[in-house]
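This report concerns only the one structure given below.
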Amino acid sequence: MSVMLAVVHLLGLLCLTFGLETSAPIPITCTTRGSDLTEERSLVACPSTCTVRQLIVFGSGIYAAMSSVCGAAIHRGVITPAGGLFRVQKLPDQENYLSSYSNGIVSQTLAKSKESFSVHKLLEHKLILLKHMLFCPPAKKPLKKSPKKIPKKPPSNGNKDCQVDIAMLLDGSYNIGQRRFNLQKSFVSKLVLMLRTGPEGPHMGVVQASETPVTEFFLKNFTQPKELLFAIKEIMFRGGNTNTGKAMMHAIETFFSAEHGVRKGLPRVIVALVDGWPSDSLEEAATRARESGINVFFVSVAKPSSDELGMVQDKDFAQKAVCKDNGFFSFTMPSWFSTTKYVKPLTQRLCSVEQMLCSKTCYNSVNLGFLIDGSSSVGDNNFQLVLDFIASVVRNFEIADTGSRVGAIQFTYEQKMEFDFSEHTDKERALTAIQAIRYLSGGTATGEAITYAISNLFQKAGSGKNFLIIITDGQSYDDVRGPALAAQKEGITVYSVGVAWAPLEDLRAMASEPKESHTFFTREFTGLKQLHPAVAKRICSDYADKN
């Protein structure tokens, strides 16, 4: 007996020594982030259904808290894409999360995160079996369930993994009619339950699209599911034409405001339900939505038949309405009857926050212009280090046709537009274009280069906040203060990055206020690689201040 007790005691010590969790594993989703876990150390289980595009990861080995936990585990090699069990350890804040490619996942760089985490394999299966069978303290057994099944109620606080603000555009036209209008409301009610709306989860308001759009209620009016369901049930059918374009514009201009309950930093979404086809054009409203950072999902029900197509103003209305025509934002249902099977897939899309391509953040909503000193004092080798610095800054941002843009000008006594904001709308192509810039060599006229950038680069920038990063290694032959002030008056935030002999007086004269946080300097060109996280972080800080 004493031997058995000793073995049990020894294995209990092993459980503590090797950190085996004594509670049941927590099942998580592909998009669960490190910040969503509440315990300092957790045993979690990833599903086998994760796809690479769902898994957004920042860092290598140590991961930023906004990373997908499952994505980090696959990237680290702790589990395979088939899912599995592993440990998650919460860690303090970190700086300079590095990108890398591993196990099919490309992690991204990040300057700083308030929290981080690491992922770890479990011990060999024999010890795990011993833990569950006897020797490690077992989890408490659940109480016996009553024979009568009690349906689970959604948490009153809502689904924290799906924090989005939704404007639901109901089709209230004569085309849908009273009966199908009621079926439409029933579909939206099922969506509310599946989304698990609540104060800390998704919020929803409703606009009815008919002859003239009407806001039935705003985001802030009903955050509890019961109240929201009752409010949807009470909506009256209005009739009229299917003016979905007008309704979208109405939602863009009046619905998404702080006074009406929109929450700062969360994705804003319009879900437009259309029975048949819209009576008006959607293109202008859709463009405005994209520029405003609103994600438009378009749900078509009972598409027009071939003999009705002649009545449709624009046959490509669905493709033009959505945030991005990639299939993710478009949804079709054959009729309002038997819509139950469509509720879950639509819910999953609305909760895939990382795929909200039109949400505006500092990473996807800025125009980054680079002024590159190509003077003879730089030299070929140092010029390559400058290009590496620019590429490192750009890697922090989502370069895309609906995202951030990058442009570059090289200057000596003259200026050369290497590429403007419209030329490379893909991150990899932009990075390739940066590395392909050829060194000019010549004098240094920084003031003229700033003036050239205002007229030839930023005048064609379109939407988004404008930022100009000037990299120079010496004294300018012309005035820099006047052109820099002109740029700032045009709404361009200016950063000066000086190397070697660049005079601090010139750098401060060019930089936006406060000067100390927009001026950067390194004695050697090799020191540029230490500056890019601080520059990217400052851009995001300025973006937040502007918004």
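As the structure is a computational prediction, the values presented were derived from the model and not from experiment.
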State, with a plain yes or no, whether a side-chain heavy atom of Leu170 is found less than 4.5 Å away from one of Val207. no
Kindly write out the residues that satisfy side-chain hydrogen bond (donor to acceptor under 3.5 Å, both in side chains) with His203, not counting sequence neighbours, or none if the list is empty. Arg263
Here the gap from Asp473 atom CG to Ser376 atom OG, rounded to the nearest 0.5 Å, amounts to 8.5 Å
With no hydrogens and no angle check, is any side-chain donor or acceptor of Asn382 less than 3.5 Å from a backbone partner on Phe525? no
Do Val353 and Val164 make a side-chain contact, defined as non-hydrogen atoms from C-beta onward lying under 4.5 Å apart? yes
One should read off an interatomic distance between Asp506 CG and Thr472 OG1, to the nearest 0.5 angstrom, of 8.5 Å
Closest approach of His532 and Val393, non-hydrogen atoms and distance? CB-CG2, 3.7 Å
With side chains defined as the heavy atoms from C-beta onward, is the minimum distance between Ser99 and Val106 less than 4.5 Å? no
Side chain to side chain contact (heavy atoms under 4.5 Å, CB included) between Cys351 and Asp161, intermediate numbers included: CA-CA 7 Å; Cys351 291; Asp161 290 331; over 6 Å; no
Which heavy atom of Ala408 sits nearest a heavy atom of Ile437, and at what distance? CB-CD1, 4.2 Å
Gap separating the CD1 atom of Ile471 from the CZ atom of Phe520, nearest 0.5 angstrom: 11.5 Å
Counterpart residues, side chain to side chain contact (heavy atoms under 4.5 Å, CB included), relative to Gln435 (two or more places apart): Gln384, Leu387, Asp388, Ala391
Identify every side-chain donor-acceptor pair in residues 449-457 under 3.5 Å, counting partners at least two apart or on other chains, and give the distances.
residue, atom, partner, partner atom, Å
Thr451, OG1, Gly447, O, 3.2
Ser455, OG, Thr451, O, 3.4
Asn456, ND2, Tyr452, O, 3.0

What pair of heavy atoms forms the shortest contact from Ala289 to Val296, and how long is it? CB-CG2, 3.7 Å
Would you mind reporting whether Ile469 and Leu371 have side-chain heavy atoms less than 4.5 Å apart? no
Can any side-chain N or O of Ser404 pair as donor or acceptor with the backbone N or O of Ser365 at less than 3.5 Å? yes
Heavy-atom nearest pair, Ala285 first then Ile252, reads O-CD1, 3.3 Å
Basic-acidic side-chain contact under 4.0 Å: Glu40, Lys90: no
CA sep, side-chain torsions, deciding dist, call: Met356, Val269, side chain to side chain contact (heavy atoms under 4.5 Å, CB included): CA-CA 9 Å; Met356 299 289 186; Val269 176; 3.9 Å; yes
List the residues meeting side-chain hydrogen bond (donor to acceptor under 3.5 Å, both in side chains) with Lys416, not counting sequence neighbours, and say none if there are none. none
Using the side chain to side chain contact (heavy atoms under 4.5 Å, CB included) criterion, which residues pair with Gln208? Sequence neighbours excluded. Phe181, Glu216, Ile235, Phe237, Arg238
Residue pairs meeting ring pair (Phe, Tyr, Trp, His ring centres under 6.0 Å), one or both in residues 345-387, sequence neighbours left out, come to Phe383-Tyr439
If you look only at pairs with a residue in residues 484-501, which of them pass as a side chain to side chain donor-acceptor pair (under 3.5 Å), with sequence neighbours excluded? Thr493-Lys546, Tyr495-Asp542
Is the closest basic N to carboxylate O distance between Glu253 and Arg288 below 4.0 Å? yes
Nearest 0.5 Å please: distance from the CG atom of Asp165 over to the CG atom of Asn295. 11.5 Å
Considering residues at least two apart in sequence or located in another chain, which fulfil the side-chain hydrogen bond (donor to acceptor under 3.5 Å, both in side chains) criterion with Asn367? Asn466
Evaluate whether atom NZ of Lys515 has more than 12 neighbouring non-hydrogen atoms of other residues, nucleotides or ligands under 6.0 angstrom away. yes
Using modelled atom types only, decide if a donor and an acceptor are shared between the side chain of Asn159 and the backbone of Pro202 within a distance under 3.5 Å. no
Separation of Ser107 OG from Leu98 CG (nearest 0.5 Å): 8.0 Å
Using only atom types and a distance under 3.5 Å, with no angle test, would you say the side chain of Thr287 pairs donor to acceptor with the backbone of Glu283? yes
Minimum-distance pair of heavy atoms, taken over all atoms of Phe467 and Ile492: C-CG2, 4.3 Å
His75 backbone acceptor or donor facing Asn103 side chain under 3.5 Å: yes
Can you establish whether the number of heavy atoms outside Glu513 located under 6.0 Å from its atom CD is more than 12? yes
Student check: side-chain heavy atoms of Phe328 and Ser352 closer than 4.5 Å: yes
Do the side chains of Thr444 and Asp373 get nearer than 4.5 Å, heavy atoms only? yes
CA sep, side-chain torsions, deciding dist, call: Leu385, Asn381, side chain to side chain contact (heavy atoms under 4.5 Å, CB included): CA-CA 7 Å; Leu385 293 175; Asn381 291 337; over 6 Å; no
Return yes when the gap between the SG atoms of Cys70 and Cys30 is under 2.5 Å; return no otherwise. no
Over all heavy atoms of both residues, which pair between Ala64 and Phe117 is shortest? Give the atoms and the distance, please. O-CE2, 3.3 Å
Heavy atoms, side chains only, cut-off 4.5 Å: are Phe521 and Arg508 in contact? no
Do Ile28 and Cys46 have side chains that approach each other closer than 4.5 Å (heavy atoms only, starting at C-beta)? yes
Any disulfide (SG to SG under 2.5 Å) pairs touching residues 352-431, not counting sequence neighbours? Cys323-Cys358, Cys362-Cys540
Applying ring pair (Phe, Tyr, Trp, His ring centres under 6.0 Å) as the test, list every pair that has at least one member in residues 385-436; sequence neighbours left out. Tyr413-Tyr477, Phe419-His424, Phe421-Phe458
Given 3.5 Å as the limit, does a donor-acceptor pair link the side chain of Thr215 with the main chain of Phe217, or not? no
Taking side-chain hydrogen bond (donor to acceptor under 3.5 Å, both in side chains) as the test, write out the residues that go with Asp325, two or more places apart. none
Output all residues satisfying salt bridge (Lys or Arg N to Asp or Glu O under 4.0 Å) with Asp36, sequence neighbours left out; order by chain, then residue number. Arg33
Taking the side chain from Asn243 and the backbone from Lys246, do they hold a donor-acceptor pair closer than 3.5 Å? no
Without swapping roles, check the side chain of Ser102 against the backbone of Arg76 for a donor-acceptor pair under 3.5 Å. no
Step-by-step side chain to side chain contact (heavy atoms under 4.5 Å, CB included) determination, Thr197 to Thr223: CA-CA 7 Å; Thr197 58; Thr223 57; over 6 Å; no
Can you tell me how far CD of Gln319 sits from CZ of Phe329, rounded to the nearest 0.5 angstrom? 14.0 Å
Under 3.5 Å donor-acceptor, Ser476 side chain and Thr446 backbone: yes
Is a side-chain donor or acceptor of Thr242 paired with a backbone partner of Pro278 at a separation under 3.5 angstrom? no
